[in-house]
Amino acid sequence: MKITLPPKKGTPNTNPEIEFDQLVVIGANGSGKTRFGSHIEEKYLKNVHRISAQKSLSFPAEVSPKSRERATNEFLYGYHYDNNTNAQQQLNVKKSHRWGSKISTFLLNDYDKLLVLLHTEEYEESLSFKEGRTTKPTTKLDIVQRIWETVLPHRKLLKKAGVIETYPTGQVGNNYNATEMSDGERVIFYLVGEVVCAPENSIIIIDEPEMHIHKSLVKNLFDLIENERQDCSFIYLTHDIDFAFSRQNAIKVWAKSYEGSNVWDYELLEDESPIPEQLYLEILGSRKPVIFLEGDDSSIDYELYEQVYFDHTLKPLGSCEKVIHSVKSFNEQNGFHHIESFGIIDRDRRIQDDVVRLNSKSIWVLDVAESENLLLLEEIVKSVAKHMGKDLNDVFNQVKDNLIQFFNSQLESQILLHFKETLRKKFIEASNFNERTISNVIPEIDAYYSGIDKQQIFDDIKTEFENIVNSKDYNGVLRVFNLKNALIPNSKVCELTDVKNKSGYLKLVITLLKRKDAESHLIATAIDDKIIKNATQQRV
């Protein structure tokens, strides 16, 4: 189906034209999605069947069939017009009766008309079969029943004259009138019926298709609906990211706002976006600056940063490489979405040159070896000790001594780990050769390798680490000591503060941060200060 989209802010006189089978308009509440859909309906009124988000789900206890023509007209137009009415008059009837002359805001109340049409068609088709005029038919009500029972396999429908009943699967005899169905059961029946009864080759617009339906059912339901009506094109208006993502082959439109005078601020999302579509839509929907993180939403850094950077959208991506790639990709499209993007990654034995380079690309670097080390910051240890009624200076001094002693016991292995990482990076640099023929490349690489002073690299790391121990540089230990799940137990911070274990310690820190008082501000500031954001900041 080919249509012209509504007027767009900035270019109101050159409306985009698109060809589509499925179109998803996604935006926050109040962004003008419903008006967007009703504008398309008004423009293509003869070919559109729109299902409003504002609708009555009152299932009629029983209905009586009418002539098929009357039942069809009342369902599509809200009124049975005169046979002599011309096409324009028919459309006016639709506006005034189906939509009460309020095409964007009227409460749609057509469940009874849908049931009348379904029962009328069922009755006529059955009569035609009985009279021998047709073969055994598959009626629209049969189709509704099949899809409804496929989506809800724990329930069955029972069709009677003018009445629909339902019962739990396998419990024939426990049937009850469909008026007693749940909201989800009734809306699924309604949506399937509306789509099945829409005219051939229609544009079907569904506003808030996910309403009242459990997330686990939505994808299957609309896959079945679309498959049943392959002659039709579908437009969905939604604020639900998961639903938008479930329509994988649909064109996506991000509705930002309605500007008035039938003009919208919206963008078509490009298929070739290097950022995963679901992630992209979620960030756009929040409209806040985004910080991409390593790990997942159960990791320590996410739980801490969620309280520190509450005015940002936080998105854990798993690996450091994904964070760097996503920040780069998102910021390259800043002219489209105008949303700032940053990343936070662990220090992971990075040298200062690496930190400076990453900062220049909006990647912030944690100035402790790993996120768990943040829990041992002096300000956090003292805040926990104070909350638990302990002498905060005594507790911190013991934690400091314990950690420095533990670092000293691991000194040789830590030096070798940093030495190994530094060499790995040097070897990677060797692959960035300038020559263009293998006969010249190999000598260039050999010269680079031979120029690496391995002993000097080792000695420099050893000197730095020994100085940290000798000077009792607690912050230095947190910056370079990388030994997962070992620092907190060996610091004895839980025992010293009477907290049960590391998990309880983390929960207490989160609780203190959530208070949003002077103490939480102190903790949040301490964490923020351990994140290097500016390439001009030189840390030692």
Can a donor-acceptor pair be found, under 3.5 Å and without considering hydrogens, that links the side chain of [X] to the backbone of [Y]?
{"X": "Arg229", "Y": "Val196", "value": "yes"}
{"X": "Tyr111", "Y": "Arg186", "value": "yes"}
{"X": "Glu149", "Y": "Leu157", "value": "yes"}
{"X": "Glu121", "Y": "Lys140", "value": "yes"}
{"X": "Lys46", "Y": "Gln88", "value": "no"}
{"X": "Gln307", "Y": "Leu304", "value": "no"}
{"X": "Arg35", "Y": "Tyr258", "value": "no"}
{"X": "Thr169", "Y": "His154", "value": "yes"}
{"X": "Asn501", "Y": "Tyr505", "value": "no"}
{"X": "Ser202", "Y": "Val48", "value": "no"}

Should we say atom [atom1] of [X] is surrounded by more than 12 heavy atoms from elsewhere, each under 6.0 Å from it?
{"X": "Lys328", "atom1": "NZ", "answer": "no"}
{"X": "Lys516", "atom1": "NZ", "answer": "yes"}
{"X": "Phe106", "atom1": "CZ", "answer": "yes"}
{"X": "Gln171", "atom1": "CD", "answer": "yes"}
{"X": "Tyr123", "atom1": "OH", "answer": "no"}

Within-4.5 Å side-chain heavy-atom neighbours: [X] and [Y]:
{"X": "Lys219", "Y": "Arg247", "value": "yes"}
{"X": "Asp311", "Y": "Lys288", "value": "no"}
{"X": "Ile205", "Y": "Phe36", "value": "no"}
{"X": "Leu358", "Y": "Ile532", "value": "no"}
{"X": "Asn175", "Y": "Lys160", "value": "yes"}
{"X": "His80", "Y": "Glu74", "value": "yes"}
{"X": "Glu208", "Y": "His239", "value": "yes"}
{"X": "Tyr44", "Y": "Thr4", "value": "yes"}

Is the distance between the ring centroids of Phe292 and His325 less than 6.0 Å?
-> no

Is the distance between the ring centroids of Tyr236 and Phe222 less than 6.0 Å?
-> yes

Roughly how far apart are [X] [atom1] and [Y] [atom2], rounded to 0.5 Å?
{"X": "Leu152", "Y": "Ser182", "atom1": "CG", "atom2": "OG", "value": "7.5 Å"}
{"X": "Ile363", "Y": "Ile291", "atom1": "CD1", "atom2": "CD1", "value": "11.0 Å"}
{"X": "Ile345", "Y": "Ile324", "atom1": "CD1", "atom2": "CD1", "value": "4.5 Å"}
{"X": "Asp265", "Y": "Trp254", "atom1": "CG", "atom2": "CH2", "value": "8.0 Å"}
{"X": "Thr34", "Y": "Gln54", "atom1": "OG1", "atom2": "CD", "value": "7.0 Å"}

Between [X] and [Y], what is the shortest heavy-atom contact and its length?
{"X": "Lys361", "Y": "Val327", "value": "O-CG1, 3.6 Å"}
{"X": "Ile103", "Y": "Ser38", "value": "O-CB, 4.0 Å"}
{"X": "Val163", "Y": "His119", "value": "N-CE1, 3.5 Å"}
{"X": "Asn15", "Y": "Pro7", "value": "OD1-CA, 3.4 Å"}
{"X": "Lys8", "Y": "Tyr266", "value": "CE-O, 2.9 Å"}
{"X": "Pro16", "Y": "Pro6", "value": "CD-O, 4.2 Å"}

Of Leu23, Val195, Ile203, the one forming a side chain to side chain contact (heavy atoms under 4.5 Å, CB included) with Phe234 is Val195

Can you tell whether the side chains of [X] and [Y] come within less than 4.0 Å, N to carboxylate O?
{"X": "Lys55", "Y": "Asp207", "result": "no"}
{"X": "Arg133", "Y": "Glu124", "result": "no"}
{"X": "Arg98", "Y": "Glu194", "result": "yes"}
{"X": "Glu267", "Y": "Lys256", "result": "yes"}
{"X": "Asp296", "Y": "Lys315", "result": "no"}
{"X": "Glu42", "Y": "Lys95", "result": "yes"}
{"X": "Lys159", "Y": "Asp142", "result": "yes"}

Side chain to side chain contact (heavy atoms under 4.5 Å, CB included) evaluation trace for Lys215 with Asp240 = CA-CA 10 Å; Lys215 285 183 179 294; Asp240 189 278; 2.8 Å; yes

Could you give me the CA-CA distance, side-chain angles and deciding distance for Glu259 and Ser261, then say whether side-chain hydrogen bond (donor to acceptor under 3.5 Å, both in side chains) is met?
-> CA-CA 7 Å; Glu259 302 294 306; Ser261 302; over 6 Å; no

Apply the test side-chain hydrogen bond (donor to acceptor under 3.5 Å, both in side chains) to residues Glu69 and Asn73: give CA-CA distance (whole Å), side-chain angles for both, the deciding distance (0.1 Å), then the verdict.
-> CA-CA 6 Å; Glu69 180 185 48; Asn73 286 345; 4.7 Å; no

With side-chain hydrogen bond (donor to acceptor under 3.5 Å, both in side chains) as the test, would you mind laying out the steps for Ser299 and Glu294 before giving the verdict?
-> CA-CA 9 Å; Ser299 58; Glu294 295 184 77; over 6 Å; no

Let me see the working for Thr179 and Asn177 under side-chain hydrogen bond (donor to acceptor under 3.5 Å, both in side chains), right down to the final yes or no.
-> CA-CA 5 Å; Thr179 56; Asn177 194 280; 3.1 Å; yes

Show your working on side chain to side chain contact (heavy atoms under 4.5 Å, CB included) between Thr238 and Glu210 and close with a plain yes or no.
-> CA-CA 8 Å; Thr238 183; Glu210 72 286 346; 3.0 Å; yes

Parallel, tilted or perpendicular for His39 and Trp264, by the 30°/60° rule?
-> perpendicular

From CA spacing to verdict: side chain to side chain contact (heavy atoms under 4.5 Å, CB included), Asp528, Lys533 | CA-CA 9 Å; Asp528 184 56; Lys533 305 175 184 177; 2.5 Å; yes

Apply the test side chain to side chain contact (heavy atoms under 4.5 Å, CB included) to residues Val192 and Val151: give CA-CA distance (whole Å), side-chain angles for both, the deciding distance (0.1 Å), then the verdict.
-> CA-CA 11 Å; Val192 177; Val151 176; over 6 Å; no

Under the side chain to side chain donor-acceptor pair (under 3.5 Å) test, which residues partner Ser503, sequence neighbours left out?
-> none

